[in-house]
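Notes follow once the structure below has been shown.
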Amino acid sequence: MTFGIIKERKNPPDRRVVLSPSACQTVLKQFPEASIVVEPSELRVFADGQYRESGINVTPDLSSADVLLGVKEVPIDALIPNKKYFFFSHTIKKQPYNRNLLRAVLEKNIELYDHEVITSPKGQRLVAFGRYAGLVGAYNGIRTYGLKFGLFELPKAESLPDLKAVLETLKQFGLPPIKILLTGKGRVAGGAREILEAMNIREVGVADYLSKDFTYPVFCQLDVLDYNKPKDGAKHPLKHFYHHPEEYVSDFMKYAGVTDMYIAGHFYGQGAPYLFTREDAKSDRFRIKVVADISCDIDGPVATTIRPSTIEDPIYGYNPKSEQEVDFRDTDAVAVMAVDNLPCELPSDASVGFGESFIKHVIPAFFDNDAKGILERARMTKDGKLTDRYSYLQDYVDGKE
């Protein structure tokens, strides 16, 4: 079994990779029957020479590879027919901009495995960049707060060599006694929490967060039932919300009235209530002045997020009254950080973390006859057709929806 690491070709450029040079060595040690080839890249965070030093063949010819590993979507003209590919295809939600990519995958008889649907039998994602999105997103949120109020100017995360440098940089700065709200309990929120804890910001419970003032900065982390309430007023278990989100309404505004900075690290499911709307943001009870929207759903549950921002230009202002984009430093503006490719700012750490998960969960499946069904669940296409699990995408492929 030969694995090929492909060059990332999507714009804006992405420096991440599925397997670092040391990860390649780990694969070869654990699975002697495996071999790896690497396509040269001038952008990748790990230089071609680092792979060569690790004994890995760097070559533009990937014809010997059975399985090709990438991060972002592969341009249609770069797809090699009759291969197995792993990358984030951004097609499982019927994203219109990638319809032609999925059509090309089928036409070229490619077996596509999407990183996003590499899951356990219970449906839990096994490989993801979520932690690094949370780390960078929270760092960027604190940077945004400093710039919004002229308090300090943190360097961009992308200008720092690694996560260790990010954490060391944070220790040189302090926040005033503000209240920070963090939504979510998954990988993303966990990464954001690491940043807040690195700054020694104290966590407080919901009751104290809502009712008390503090002489030091604090944060409160919420799960979905903290900021959503059932319409019938009854008490339901958490799973009831996930099965019947339409039976709930948002209870977020009670937090918005006491929050200075909001970090959105939750997963938003279809049919769930919006956390706050544009009308909510107009309210006198809405105090939030900085939003770090890591989840980055446009015109969605976080109403101030009207577009994604970029690593190059990460902050914009939203005026709740006019509902227009303005300078984020304006007095009435909510400063919004909504970069949608945050892990790219820590490409080395993000690649190492992703590779560890990929080696743990995916690589063994090629050598144990897919005993846990990892490949089966993630395989979107085979023999020029959608697999049964992803047959719901047929109308999308055909242009009917």
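Along the sequence shown, residues are numbered consecutively beginning with 1.
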**Study point:** Passing option when Asp260 is tested against Arg287, Lys148, Lys179 for salt bridge (Lys or Arg N to Asp or Glu O under 4.0 Å)
**Key:** Arg287

Centroid separation [X] to [Y] less than 6.0 Å:
X: Tyr255; Y: Tyr227; value: no
X: Phe31; Y: Phe366; value: no
X: His240; Y: Tyr248; value: yes

Check your understanding: So, for Pro176 and Pro217, which heavy atoms are closest and what is the spacing to 0.1 Å?
Key ->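 So the two residues come closest at O-CB, 3.4 Å.
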
Check your understanding: Which atom pair, heavy atoms only, marks the closest approach of Ile5 to Cys24?
Key ->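 Smallest heavy-atom distance, with atoms named: CD1-SG, 3.6 Å.
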
Can you tell me how far apart [atom1] ([X]) and [atom2] ([Y]) are? Round to the nearest 0.5 Å.
X: Asn319; Y: Lys282; atom1: CG; atom2: NZ; answer: 9.0 Å
X: Leu135; Y: Leu342; atom1: CG; atom2: CG; answer: 10.0 Å
X: Glu8; Y: Leu43; atom1: CD; atom2: CG; answer: 9.5 Å
X: Glu107; Y: Leu102; atom1: CD; atom2: CG; answer: 10.0 Å

Practice item. Taking salt bridge (Lys or Arg N to Asp or Glu O under 4.0 Å) as the test, write out the residues that go with Asp14, two or more places apart. Key: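 Scan of Asp14 (salt bridge (Lys or Arg N to Asp or Glu O under 4.0 Å), adjacent residues dropped) gives Arg16, Lys72.
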
Practice item. Would you check, one step at a time, whether the test side-chain hydrogen bond (donor to acceptor under 3.5 Å, both in side chains) holds for Asp114 with Ser89? Key: CA-CA 6 Å; Asp114 193 307; Ser89 72; 2.6 Å; yes

Practice item. Go through the side-chain N and O atoms of Asn100 and Arg103 and say whether any donor and acceptor fall under 3.5 Å apart. Key: yes

**Study point:** Short side-chain donor-acceptor distance under 3.5 Å, Thr277 and Asp280
**Key:** yes

Point to revise | Heavy-atom neighbours of Glu33 CD exceed 12 at 6.0 Å | key: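 Counting neighbours around CD of Glu33, more than 12 heavy atoms of other residues, nucleotides or ligands fall under 6.0 Å, so yes.
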
Exercise for review: Apply the side-chain contact (heavy atoms from CB on, under 4.5 Å) test between Val362 and each candidate in Leu69, Val18, Leu375, Val67; give the one that qualifies.
Suggested key: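 By the side-chain contact (heavy atoms from CB on, under 4.5 Å) criterion, Val362 pairs with just one of Leu69, Val18, Leu375, Val67: Leu375.
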
Point to revise | side-chain contact (heavy atoms from CB on, under 4.5 Å), paired with Lys7, selected from Pro60, Pro40, Ser41 | key: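 The option that passes is Ser41.
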
**Study point:** Side-chain (His115) to main-chain (Gly70) donor-acceptor, under 3.5 angstrom
**Key:**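 Judged by distance alone, yes, a pair lies under 3.5 Å.
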
Exercise for review: In sequence, state the C-alpha distance, the side-chain angles, and the governing distance for Thr310 and Asp313, and then conclude on side-chain hydrogen bond (donor to acceptor under 3.5 Å, both in side chains).
Suggested key: CA-CA 5 Å; Thr310 63; Asp313 188 14; 5.5 Å; no

